[in-house]
Amino acid sequence: EKKKISGYAEKTGCIVMNCNPFTAGHRYLIECALKNVDYLFVFVVEEDKSFFTFHDRIEMVKRGTSDLSNISVVESGRLIISAETFPTYFRKDGVIGGEDVCLNEDLRIFAQYIAPVLNIKYRFVGEEPSDYVTQQYNIAMKKILPEISGIQVIEIPRMCIGDHIVSASLVRKYYHQRDFQKMRGLAPDTTIEYLKKMSKNNLCLNTQQGVETMQKYVVWGAGGHARLLMDNFAGLENYVEVFLDTACNKSVADFTVIQPDMWKDYESYPVVICVKNSFHEVFNELIYKYHCKKENIISSLDKIHFKVY
């Protein structure tokens, strides 16, 4: 029997956020939502498939909203945007425009079992101009949630600084570069201070160990995506062992690109798949032709945890 939890305001809303990390844009969305409801739940995606761990992400959200009233920051659990309910969310890089992103189950569970218990009548989302998977999720949300449980979906324009949208990916870029000054305005001070502490802790830990434990990676692909990675992440060349590509006459950042048939020389390395339209083909080739372990295949650079030495 489903029971409603008592004690919550009549106008209760929610936001589901990954916060990788928590940015000024996330804070802006929360503030906008609070103007429309009496109480707000912020569900932080618990699935640990992001650059920053769930522990760090939810801690940054809690610190970044500690001054706000009528808000609860809670774990999303296994039934809101998880590998079980919405697996496509965690492999966005391998999704082609027009592909079914398999999101109905996630929204149905939320509408039928989660929202009624918490008396949630509003769900807020940020406008998504470029990410295909998130775009499809927002579109489906506007259709499914009102139909099943009468939840009103409110889409809020993204926060911009000048002509640029505030994004977590840009904050991550500056974190990789340890350029905390450029984060100003893009992330709350609480996030910047938290990331500074993380950076210092990593540096001290590695110095105390006295040994270099830097993980090396093999990058599959030497096209535009691979070059973009090298351009966007300062010091990335320190983490790349070799590039693999069928067109071995290319070079990326002074690295020679070798044929995939030479894979056996690097089979112990994790592989970053860095291609645009043939992710699934490369993934299957690694598994079935080169016998690569699934856990050693990475579909996004954001899943690589860099260390500073």
*Determine, stepwise, if the pair Y194 / K197 fulfils side chain to side chain contact (heavy atoms under 4.5 Å, CB included).*
CA-CA 5 Å; Y194 191 90; K197 185 177 179 180; 5.8 Å; no

*Test N119 against Y39 for side chain to side chain donor-acceptor pair (under 3.5 Å), laying out the working first.*
CA-CA 10 Å; N119 196 33; Y39 200 88; over 6 Å; no

*For I273 and I297, run side chain to side chain contact (heavy atoms under 4.5 Å, CB included): C-alpha distance rounded to whole Å, both residues' side-chain angles, the deciding distance at 0.1 Å, then the answer.*
CA-CA 7 Å; I273 299 179; I297 301 176; 3.4 Å; yes

*List the steps, then state whether side chain to side chain contact (heavy atoms under 4.5 Å, CB included) holds for R184 with D189.*
CA-CA 8 Å; R184 298 292 175 191; D189 289 343; 3.1 Å; yes

_The test is side chain to side chain contact (heavy atoms under 4.5 Å, CB included); show your working for D38 and N70 and say whether it passes._
CA-CA 7 Å; D38 300 318; N70 302 323; over 6 Å; no

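Every residue was checked against the side chain to side chain contact (heavy atoms under 4.5 Å, CB included) condition with H164, not counting sequence neighbours, and none meets it.
Within the model, atoms CG of L170 and CG of L186 stand 5.0 Å from one another, a figure rounded to the nearest 0.5 Å. Distance check, rounded to the nearest 0.5 Å: OG of S76 to CE of M17 gives 13.0 Å. The CZ atom of F41 sits 10.5 Å away from atom CD1 of I80, with the distance rounded to the nearest 0.5 Å. A distance of 4.0 Å separates CD of E84 from CZ of R78, quoted to the nearest 0.5 Å. To the nearest 0.5 Å, the span separating CD1 on I30 from CG on L68 amounts to 7.0 Å. To the nearest 0.5 Å, atoms CD1 (I192) and CD (Q181) are separated by 8.0 Å.
Using a 4.5 Å cut-off on side-chain heavy atoms (C-beta onward), R108 and Y113 make contact. With a 4.5 Å cut-off on side-chain heavy atoms, V271 and C292 count as touching. Annotation: side chain of N284 is not in contact with side chain of K289 (no heavy-atom distance under 4.5 Å). Considering only heavy atoms from C-beta on, R123 comes within 4.5 Å of L107 through its side chain. Using a 4.5 Å heavy-atom threshold, the side chains of I15 and L40 count as touching. Between I144 and F110, every side-chain heavy-atom pair lies at or beyond the 4.5 Å cut-off. M183 is not listed as a side-chain neighbour of T191, based on a closest heavy-atom distance of 4.5 Å or more. The closest side-chain heavy-atom distance from T65 to F22 is below 4.5 Å.
A24 and P188 make their closest contact through N-CD, 3.5 Å (heavy atoms, listed as atom of the first residue, atom of the second, distance). Annotation for S82 and G77: closest pair CB-O, 4.3 Å, computed over non-hydrogen atoms. Here the closest heavy-atom approach between residue F54 and residue V44 is recorded as CE1-O, 3.7 Å. Nearest approach of V37 to K11, heavy atoms of both residues: CB-O, 3.3 Å. What you find for I148 and A111 is that their closest heavy atoms are CG2-CB, 3.6 Å. When every heavy atom of G185 is checked against every heavy atom of M159, the shortest pair comes out as O-CE, 4.3 Å.
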Would you tabulate the side-chain donor-acceptor contacts of residues 57-64 under 3.5 Å, counting partners in other chains and residues two or more places apart, or write 'none'?
from, atom 1, to, atom 2, distance (Å)
R57, NE, F52, O, 3.1
R57, NH1, N18, O, 2.9
R57, NH1, N18, OD1, 3.0
R57, NH1, V45, O, 2.8
R57, NH2, V45, O, 3.0
R57, NH2, E47, O, 3.1
E59, OE2, R63, NE, 2.9

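Cation-pi check for R178 over Y175 is met; the charged atom lies under 6.0 angstrom from the ring centroid and within 45 degrees of its normal.
A salt bridge is defined here as a Lys NZ or Arg NE, NH1 or NH2 lying under 4.0 Å from an Asp or Glu carboxylate O, and R27 with E31 meets this definition.
I156 and L34 fall within a single hydrophobic cluster, where Ile, Leu, Val, Met, Phe, Trp and Tyr are joined by side-chain heavy atoms under 4.5 Å apart, directly or via other members. Hydrophobic clustering, with ILVMFWY side chains joined whenever heavy atoms are under 4.5 angstrom apart, keeps I165 apart from Y137. Hydrophobic clustering (side-chain heavy atoms under 4.5 Å, transitive across Ile, Leu, Val, Met, Phe, Trp, Tyr) groups I151 together with V74. Hydrophobic cluster membership differs between I154 and I139, with clusters built from Ile, Leu, Val, Met, Phe, Trp and Tyr side chains linked at under 4.5 angstrom.
D179 places no side-chain N or O within 3.5 Å of a backbone atom of K173 that could act as its donor or acceptor partner. When atom types are taken as modelled, the side chain of E155 and the backbone of V125 share no donor-acceptor pair closer than 3.5 angstrom. Distance alone, capped at 3.5 Å, is enough to place a donor-acceptor pair between the Q135 side chain and the P129 backbone. No donor-acceptor distance shorter than 3.5 angstrom exists from the side chain of D106 to the backbone of T85, with no hydrogens or angles considered. At distances below 3.5 Å, not a single donor-acceptor pair connects side-chain atoms of K142 with backbone N or O atoms of V153.
Residue pairs that meet the salt bridge (Lys or Arg N to Asp or Glu O under 4.0 Å) test with at least one member in residues 158-169, sequence neighbours left out, are E128-R158.
Ring geometry for F124 versus Y122: interplanar angle under 30°, hence parallel rather than tilted (30 to 60°).
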